[in-house]
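Input: a single structure, listed below in structure tokens.
Nothing here was measured: the structure is a model prediction, and the numbers come from that model. Just the heavy atoms: all of them, side chains too, but no hydrogens, waters or symmetry mates, feed the values below.
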Amino acid sequence: MGSRDADIDFTFTCPTTVRAVLDALTEVGWSVETQVGCVTYMINDADDAYEWYESTPDGIGEVPALLDAPGNLPYAVAFNVYHPEAGTGGMLMFMPGRTDVSFVPSCDRRHIPAAPEFTDLAWYLHALVPALVRAGLEGYEAREVRY
């Protein structure tokens, strides 16, 4: 059957920040604290290593500041978000330049009930887009591919 990948690529009118996106999403029920009670984030620095780090929920204020630091602007950075009420989550990756942000539903991915092999991208769009509009969202492209 092969595997399936889904993602949503968001484009912002101006460079955005991790803090702006995080603030917008937490207002509508998303959290950076995953279901296992930690905060996970990534910095793809000059070594191109895609290093993932873990923090306690106490350090949540420090994570956006670190990812938004001027020294990290030339690199891709990411953090995981979780929607406790919906029981699903994923990764938000901010590309260099910070006008392009990708979301990958990677934690307890929601599926279309009548077609469970497909990701319910409509649910994710409904849960993410209204909040991201307030953070300067210009557009998006959603896709699912089979390999």
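Remark: Thr11 engages Asp100, Glu138 in a side-chain contact (heavy atoms from CB on, under 4.5 Å) (not counting sequence neighbours). Applying the side-chain contact (heavy atoms from CB on, under 4.5 Å) criterion to Ala135, with sequence neighbours excluded, gives Phe12, Ala24. In this structure, the ring pair (Phe, Tyr, Trp, His ring centres under 6.0 Å) partners of Tyr53, at least two apart in sequence or on a different chain, are Tyr41. The ring pair (Phe, Tyr, Trp, His ring centres under 6.0 Å) test applied to Trp123 returns His83, not counting sequence neighbours. Applying the side-chain hydrogen bond (donor to acceptor under 3.5 Å, both in side chains) rule to Thr88 yields the partners Tyr124; only residues at least two apart in sequence or on another chain are considered. Every residue meeting the side-chain contact (heavy atoms from CB on, under 4.5 Å) condition with Val133, not counting sequence neighbours, appears here in chain and number order: Val129, Leu137. By the salt bridge (charged side-chain N to carboxylate O under 4.0 Å, His left out) test, Glu51 is found to be paired with no residue, residues two or more places apart in sequence or in another chain being considered. In this structure, the salt bridge (charged side-chain N to carboxylate O under 4.0 Å, His left out) partners of Asp9, at least two apart in sequence or on a different chain, are Arg143. Every residue was checked against the side-chain hydrogen bond (donor to acceptor under 3.5 Å, both in side chains) condition with Asp47, not counting sequence neighbours, and none meets it.
Put simply, Val104 and Met95 are part of the same group of oily side chains (I, L, V, M, F, W, Y) that touch within less than 4.5 Å, one to the next. Hydrophobic cluster membership differs between Val32 and Trp52, with clusters built from Ile, Leu, Val, Met, Phe, Trp and Tyr side chains linked at under 4.5 angstrom. Tyr82 and Met93 end up in different hydrophobic clusters when Ile, Leu, Val, Met, Phe, Trp and Tyr side chains are linked at under 4.5 Å. Under the 4.5 Å side-chain heavy-atom criterion for ILVMFWY residues, a single connected hydrophobic cluster contains both Leu92 and Leu125.
Summarising the geometry, atom CG belonging to Asp5 is positioned 10.5 Å from atom OG belonging to Ser106; distances are rounded to the nearest 0.5 Å. Taken from CZ in Phe103 to CG in Leu121, the straight-line distance is 9.5 Å, to the nearest 0.5 Å. Between atom CD of residue Glu85 and atom OG of residue Ser31 there is a gap of 13.0 Å, rounded to the nearest 0.5 Å.
Trp30 contributes a side-chain N or O that, together with a main-chain N or O of Ala127, makes up a donor-acceptor pair within less than 3.5 Å. Proximity of a side-chain donor or acceptor of Glu144 to a complementary backbone N or O of Thr119 within less than 3.5 Å is detected.
Checking Thr16 against Arg98 by side-chain atom types alone, no donor-acceptor pair falls below 3.5 Å.
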Under 3.5 Å donor-acceptor pairs involving side-chain atoms of residues 73-80, not counting sequence neighbours:
residue : atom : partner : partner atom : Å
Asn80   : ND2  : Thr40   : OG1          : 2.5

Would you list the atom pairs, donor with acceptor, under 3.5 Å between side chains in residues 59-69 and any protein atom, with sequence neighbours excluded?
residue : atom : partner : partner atom : Å
Asp68   : OD1  : Val18   : N            : 2.8
Asp68   : OD2  : Val18   : N            : 3.3
Asp68   : OD2  : Arg19   : N            : 3.0

Carefully, step by step, assess Phe94 and Val21 under the rule side chain to side chain contact (heavy atoms under 4.5 Å, CB included).
CA-CA 10 Å; Phe94 293 67; Val21 169; 3.8 Å; yes

Candidate pair Leu25 and Leu132, rule side chain to side chain contact (heavy atoms under 4.5 Å, CB included), full reasoning
CA-CA 7 Å; Leu25 292 178; Leu132 295 178; 4.1 Å; yes

Give the C-alpha distance, both sets of side-chain angles, the deciding distance and a yes or no for side chain to side chain contact (heavy atoms under 4.5 Å, CB included) between Phe10 and Leu128.
CA-CA 10 Å; Phe10 297 106; Leu128 294 165; 4.0 Å; yes

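Contact record, Pro15 with Gly97: CB-O, 3.5 Å, taken as the closest heavy-atom pair. Here the closest heavy-atom approach between residue Cys14 and residue Thr99 is recorded as C-CG2, 3.7 Å. Between Gly29 and Pro84, the shortest heavy-atom contact is O-CD, 3.4 Å. Closest approach of Ala86 and Arg110 over heavy atoms only: O-NH1, 3.4 Å.
In the hydrophobic clustering (ILVMFWY side chains linked at under 4.5 Å, chained through shared members), Phe118 is joined by Ile112.
Under the 4.5 Å side-chain criterion, counting only non-hydrogen atoms from C-beta, Met91 is not in contact with Met42.
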